[in-house]
There are 2 protein chains.
Amino acid sequence: MQPRALDDSDRRILRAMQSHPDMSVADLSGIVGLSQTPCWRRIKRLEAEGVIARRAILFDPKKVGLPINVLAHVRLQRHDEETLEALERETLEHPEILECFSMSGESDYVMRVVAADMDAYERFLKKVLLHLPGIASVNSSFTLKTVKSTPDLPL
Amino acid sequence: MQPRALDDSDRRILRAMQSHPDMSVADLSGIVGLSQTPCWRRIKRLEAEGVIARRAILFDPKKVGLPINVLAHVRLQRHDEETLEALERETLEHPEILECFSMSGESDYVMRVVAADMDAYERFLKKVLLHLPGIASVNSSFTLKTVKSTPDLPL
DNA sequence: GGTGAAAAGTCGCCCAT
DNA sequence: ATGGGCGACTTTTCACC
């Protein structure tokens with residue numbers, strides 16, 4: 001499962017898979033200019049190496065009742081390794097937190113959180129975020145509109 | 001394709017699909033307690049209504065050569081509708097911008113941008129971001145680590 | 001809502017080159 | 001490393017309760 005660099009065929013496969021997530025291997029192979037078996041083997045290899053992390057099904061957050069989207073800018077009091085690890089472990093436990101990045105600059109972490117309504121977010125803020133290990137402050141910015149949100153990478 | 005509320009079976013289907021993105025309809029139907037055909041029909045309906053937006057294949061950004069992840073906080077000079085529309089249209093054109101939210105609070109927009117290296121980001125900043133319609137300033141915060149990043153919603 | 005079934009297409013994996 | 005082929009699945013669509 002190693003850093004073997006991707007060659008052109010790999011990149012073509014990734015690009016094709018990304019733009020056509022449920023195309024059959026047969027059709028993919030046509031697009032990338034390989035035949036079925038080699039193409040299939042490369043896909044398996046890319047999966048085994050973790051280049052292909054997973055498949056996913058994307059729902060419309062509003063249509064499933066999660067219209068509230070918040071960027072929570074988090075600062076810590078303490079920055080010892082233990083506190084950071086505890087906080088990151090907590091983060092993984094809460095499905096309302098979709099993304100969490102540790103940051104350079106002013107905030108220690110930025111988290112993207114979804115909620116059913118403002119009340120639900122406020123409860124989440126008070127019951128979870130403000131009790132995270134080592135927390136100093138949480139600054140919540142609400143998104144007015146999702147202009148764009150895609151997992152597709154520029155390959 | 002309307003706001004017909006989701007019932008329990010719908011939610012169970014969505015939850016099951018989300019945790020098992022390539023389970024067969026046959027197996028899904030078992031989990032949710034319906035039989036094949038009704039389950040399949042509901043899935044098609046959820047797709048037609050846009051509740052299920054799309055399928056996706058998630059790659060590891062580092063392993064495909066995009067280790068740089070930036071949150072760009074953008075402020076505008078002008079806030080007329082025309083400027084906003086032009087900016088949002090531009091956003092959609094650039095695949096390096098994975099997410100773009102219009103915000104309440106200090107920034108007008110927050111964008112998540114990926115790049116192959118610092119140089120590439122700097123070029124993108126100078127050639128694209130700073131030339132966006134109506135731009136006043138761009139404040140780039142680099143992520144040191146992705147603690148969590150998932151499209152899975154808490155259902 | 002449920003059953004059963006069948007056509008078309010796909011996958012996973014053998015083999016040969 | 002590529003291409004061929006085949007059995008075992010799935011998807012999708014029936015007709016009918």
Side-chain angles (χ1 to χ4, degrees), chain A residues 1-61 63-65 150-153 155, chain B residues 1-66 150-153 155:
Chain A
M1 314 303 148
Q2 280 317 319
R4 237 192 1 72
L6 305 174
D7 65 16
D8 278 357
S9 290
D10 289 328
R11 295 191 167 276
R12 274 200 294 272
I13 288 173
L14 294 175
R15 266 194 289 268
M17 291 182 82
Q18 192 169 63
S19 17
H20 310 288
D22 18 54
M23 182 171 276
S24 72
V25 177
D27 292 345
L28 277 179
S29 64
I31 291 183
V32 305
L34 290 176
S35 60
Q36 284 217 27
T37 312
C39 184
W40 181 80
R41 273 199 287 255
R42 277 170 185 269
I43 292 172
K44 288 299 142 191
R45 203 176 29 76
L46 291 166
E47 284 171 354
E49 290 170 348
V51 177
I52 297 172
R54 51 169 291 214
R55 277 145 209 284
I57 303 185
L58 274 31
F59 303 141
D60 182 320
K63 292 185 179 164
V64 298
T150 178
D152 291 348
L153 301 174
L155 297 179
Chain B
M1 311 308 144
Q2 279 319 318
R4 238 192 0 73
L6 305 174
D7 65 16
D8 279 358
S9 290
D10 290 328
R11 295 190 166 277
R12 275 200 293 272
I13 288 173
L14 294 175
R15 264 195 291 268
M17 291 182 81
Q18 191 169 64
S19 17
H20 310 287
D22 19 51
M23 183 170 276
S24 72
V25 177
D27 292 345
L28 277 178
S29 65
I31 291 183
V32 304
L34 291 176
S35 57
Q36 280 217 30
T37 312
C39 184
W40 183 82
R41 276 197 288 251
R42 278 171 184 267
I43 292 172
K44 288 298 142 190
R45 203 177 28 76
L46 291 166
E47 285 172 353
E49 291 170 349
V51 178
I52 297 171
R54 51 169 289 213
R55 280 146 208 282
I57 303 186
L58 273 32
F59 303 140
D60 182 320
K62 286 189 188 159
K63 292 185 179 163
V64 297
L66 295 166
T150 178
D152 291 349
L153 301 174
L155 296 179

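Note that this is a predicted model, so its numbers are computed, not measured. So that the names make sense, note that chain A is the first sequence line, chain B the second, and so on, each numbered from 1.
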### Query
Taking atom P of C/dT10 as reference, at what distance in whole Å does atom CE of A/M17 sit?
15 Å

### Message
Can you identify which nucleotide, out of C/dC11, D/dT2, C/dG2, has its nearest atom closest to the B/R41 side chain?
### Response
C/dG2

### Message
Nearest 0.5 angstrom please: A/L34 CG to A/D10 CG, how far?
### Response
9.0 Å

### Query
Within the pair A/T37 and D/dT2, is there a side-chain N or O less than 4.0 Å away from OP1 or OP2?
no

### Message
I'd like to know if A/R55 and A/D22 make a salt bridge, using a cut-off of under 4.0 Å between side-chain N and carboxylate O.
### Response
no

### Message
Looking at B/W40, I'd like to know whether one of its side-chain N or O atoms comes within less than 4.0 Å of OP1 or OP2 on D/dT11.
### Response
no

### Task
By nearest nucleotide on DNA chain D, pick out whichever of B/D27 and A/R42 is the more 5' one.
A/R42

### Between P of D/dA1 and CG of A/D10, the distance in whole Å
10 Å

### Task
Report the distance from atom CD1 of A/I43 to atom C1' of C/dC11, rounded to the nearest whole Å.
11 Å

### Task
Might you point out which heavy atoms bring B/Q18 and B/P151 nearest each other, and give the distance in Å?
NE2-O, 4.2 Å

### Query
Nearest to the side chain of A/P38, which nucleotide is it out of D/dT2, C/dC11, C/dT3?
D/dT2

### Task
With rounding to the nearest 0.5 Å, note down the distance linking CZ in B/R15 to CG in B/D152.
13.0 Å

### Message
Measure CZ/B/R55 against P/D/dT11 and give the value in whole Å, please.
### Response
9 Å

### Task
Examine C/dC13: is either OP1 or OP2 under 4.0 Å from a nitrogen or oxygen in the side chain of A/K44? Give yes or no.
no

### Task
Quickly work out the B/Q36 CD to D/dC14 P distance and round it to whole Å.
16 Å

### Query
Please give, in whole Å, the distance from D/dA1 C1' to A/L34 CG?
10 Å

